[in-house]
Amino acid sequence: MYKFVMPEVIFGKGSIYQAGEGCARLGAQRVLIVSDEGVISAGWTDIVKKSCLDAGLSVSLFSGLSMNPTCEEVVACTEQYIQDECDAVLGVGGGSALDVAKAAALLSTNGGHIRDYEGVDHITKPLPPLVMVTTTAGSGSDVSQFSIILDQERKKKMTIVSKSLVPDISIVDPTVLSTKSARLTASTGLDVLTHAIESYVSIASNPLTDVHAKNAIQLCANYLRPSVASPDHHHAKEQMAIASLHAGLAFSNAILGAVHAIAHSIGGHYPFLHGDINAVMLPHVMKFNAIAAPEKFQVIANLLGENTSGLSYQEASDRAISHVERLAIDIGAPLTLTGMGFKESSIPIISKISLEDACMITNPREISEDEVSRLLYQAL
Ligand SMILES: [Fe+2]
């Protein structure tokens with residue numbers, strides 16, 4: 001039995017102008033827009049706001065967000081939603097804004113503390129209408145049933161998974177990606193590739209998710225480099241937006257693996273870009289996981305453009321791994337944890353917390369705390 005959930009997707013240039021009409025169609029009258037300062041400065045939030053006003057809606061704007069959003073930010077956002085008597089949530093931004101938008105929508109009807117919903121399927125009451133406009137095409141939050149929130153007290157990024165968090169409408173406008181820096185394009189692009197590879201080899205993968213994961217891997221191989229190379233390469237940006245969408249649909253339904261479990265744990269202790277941590281950990285985890293899904297690693301190598309005819313599964317897996325390493329070098333991603341500022345002394349606590357992350361459940365190879373530590377030492 002397979003289950004596959006996804007929102008209504010509106011994709012294409014100019015689709016950002018549909019945000020207000022989308023909220024109106026869902027019955028909204030007063031919308032809480034959740035966005036960050038960078039996206040506001042780029043002018044995208046104003047476009048969304050105007051589209052709401054044009055659709056006859058009133059709006060309230062919440063922008064108190066950090067790069068790795070916290071429980072306190074979710075509470076502040078929820079309080080504004082309730083105080084301003086909103087009836088729909090519209091996220092405009094990267095993963096941080098969209099995750100807070102979802103978490104605030106969750107608390108607005110379910111109450112309690114965001115910690116109460118950590119893990120899989122703890123949401124019991126319906127959420128208000130949720131519309132998401134992604135500005136990074138990386139996190140996949142605009143289509144996924146995930147929200148990732150930092151619990152500063154426990155120094156832990158919580159993974160909240162529930163079908164209730166799947167937005168009603170996801171708007172992907174490739175035009176919006178033109179203001180993204182090369183640095184962020186590289187980081188979010190490698191997050192997309194990690195989503196695709198982890199969901200493809202996940203033990204919860206199925207034919208419905210594989211289609212999306214495979215498409216995303218191939219698109220990343222073909223378009224991530226040109227997308228980083230030039231902000232004006234519109235075709236590459238559009239293809240990476242499609243890759244992000246495919247990868248988001250794949251991982252939302254097949255979940256992820258050890259790279260993300262480790263990335264969430266490191267992200268609870270260090271203010272690194274999520275995609276950068278994935279970029280460093282991905283080849284190490286691929287090496288560890290390869291024996292668990294040899295046929296799939298051969299397919300990954302082929303999708304990345306490697307010729308694997310006449311090669312053993314082991315040799316094909318090695319090609320896939322070295323391709324991923326080369327891609328990270330080509331686009332200037334960080335290559336070691338130490339280079340990012342990670343301290344070796346954090347390894348025991350990071351290893352312990354990684355094992356508790358919901359993403360570890362679907363990793364294709366069973367993994368112990370010692371093995372996570374070994375991967376972290378290799379990545380130093
Ligand atoms: Fe991710």
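Atoms within each ligand, like the ligands themselves, are counted from 1 in listed order. Keep in mind that this is a model prediction, so the values were computed, not measured.
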What angle, to the nearest 10°, do the atoms NE2 (His274) and NE2 (His195) form about the Fe ion (ligand 1)?
170°
Provide the atom name of the closest N, O or S atom of Asp191 relative to the Fe ion (ligand 1).
OD1
With side chain to side chain donor-acceptor pair (under 3.5 Å) as the criterion, how do Ser252 and Ser144 come out once you've worked through the C-alpha distance, each side chain's angles and the decisive distance to 0.1 Å?
CA-CA 5 Å; Ser252 177; Ser144 80; 5.0 Å; no
Applying the side-chain hydrogen bond (donor to acceptor under 3.5 Å, both in side chains) criterion to Ser60, which one of Gln80, Glu85, Arg30 satisfies it?
Gln80
If you consider just the N/O/S atoms, which atom of His260 is the closest one to the Fe ion (ligand 1)?
NE2
Looking at Tyr200, is Lys214 sitting on its ring face, NZ or CZ under 6.0 Å from the six-membered ring centre and within 45 degrees of the normal?
no
Out of Ser205, Ser317, Ser202, which one pairs with Lys296 under the side chain to side chain contact (heavy atoms under 4.5 Å, CB included) rule?
Ser205
